[in-house]
Amino acid sequence: MNKVTVWDGEGLPPIGCEVEIYHQPDYTFRDGCAPSGTIVKVVAHETTTDGNDVAVVFWCEDGGGRSECLVSWCLRPIRTEAERKREEAGLAIYHAINWNAEGELASPSRMEGYRKAYDAIAAGKIPGIRLTDDAGSQ
């Protein structure tokens, strides 16, 4: 997919824009939905019979085309690799603190606090803790 245009995350992304699917942790999605993080291309805008404005998105999976209709809060601009690592680290910090929690965040509003903890570690502001890459080198 080629990035045609940029989207700031407000409203529906423009037709032709590539975006990332984001499933809200407190919302249940049906089986067969693309997982969070899937990069999709917006191919149309529609309004559902119950009045929701949606983006019709397309992506390829296992050699076949797939499509889905999603409201704007289920989409976000494509994250950089650094943003993805920050998100993963924030989720890991959440699970370390809330050791009996499974899966996604029970309280998504607290995620920014976990991301800030990661930022403090990355900036060397917490004595005795340094980040390493996945291979374990420092």
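Computed from heavy atoms alone, side chains included, the values below leave out hydrogens, waters and symmetry copies.
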Exercise for review: Enter the distance from Glu68:CD to Phe58:CZ here, rounded to the nearest 0.5 Å.
Suggested key: 13.0 Å
Point to revise | Cys74 vs Tyr22 side-chain heavy atoms within contact, under 4.5 Å | key: no
Review point. Once you round to the nearest 0.5 Å, how far does CD1 of Ile78 lie from CD1 of Ile21?
Key: 11.0 Å
Practice item. Grab the two heavy atoms, one from Ala117 and one from Ile126, that are nearest each other, plus how far apart they are. Key: O-CD1, 4.3 Å
Exercise for review: Count the heavy atoms of every other residue, nucleotide or ligand shown that sit under 6.0 Å from CG of Asp50, and state whether that count exceeds 12.
Suggested key: yes
Review point. Would a 4.5 Å heavy-atom cut-off, applied to side chains only, mark Val56 and Val42 as touching?
Key: no
Review point. Within a reach of under 6.0 Å around CD of Glu46, are more than 12 heavy atoms found that belong to other residues, nucleotides or ligands?
Key: no
Point to revise | Atom pair CD1/NZ of Ile121 and Lys116 - distance to nearest 0.5 Å | key: 15.0 Å
Practice item. Answer yes when Glu20 and Arg84 have at least one side-chain N-carboxylate O distance shorter than 4.0 Å, and no when they do not. Key: yes
Review point. Looking at Thr48, Thr47, Leu12, which hits side chain to side chain contact (heavy atoms under 4.5 Å, CB included) with Val54?
Key: Thr48
Check your understanding: Roughly how far, to the nearest 0.5 Å, is CD1 of Ile39 from SG of Cys60?
Key -> 13.5 Å
Review point. Under a 4.5 Å cut-off applied to non-hydrogen side-chain atoms, are Asp119 and Arg86 in contact?
Key: yes
Exercise for review: Might you work through the side chain to side chain contact (heavy atoms under 4.5 Å, CB included) test for His45 and Ile15, ending with a clear yes or no?
Suggested key: CA-CA 7 Å; His45 292 158; Ile15 293 171; 4.0 Å; yes
**Study point:** Shortest non-hydrogen contact between Ser72 and Gly11, atoms and distance
**Key:** CB-O, 3.3 Å
Review point. Is there side-chain contact between Val57 and Leu70, with heavy atoms separated by less than 4.5 Å?
Key: yes
Practice item. State the CD-OH distance between Glu88 and Tyr118, to the nearest 0.5 angstrom. Key: 9.5 Å
Revision key, fill the gap. Distance col, row Ser36:OG vs Arg76:CZ, nearest 0.5 angstrom, shows 6.5 Å
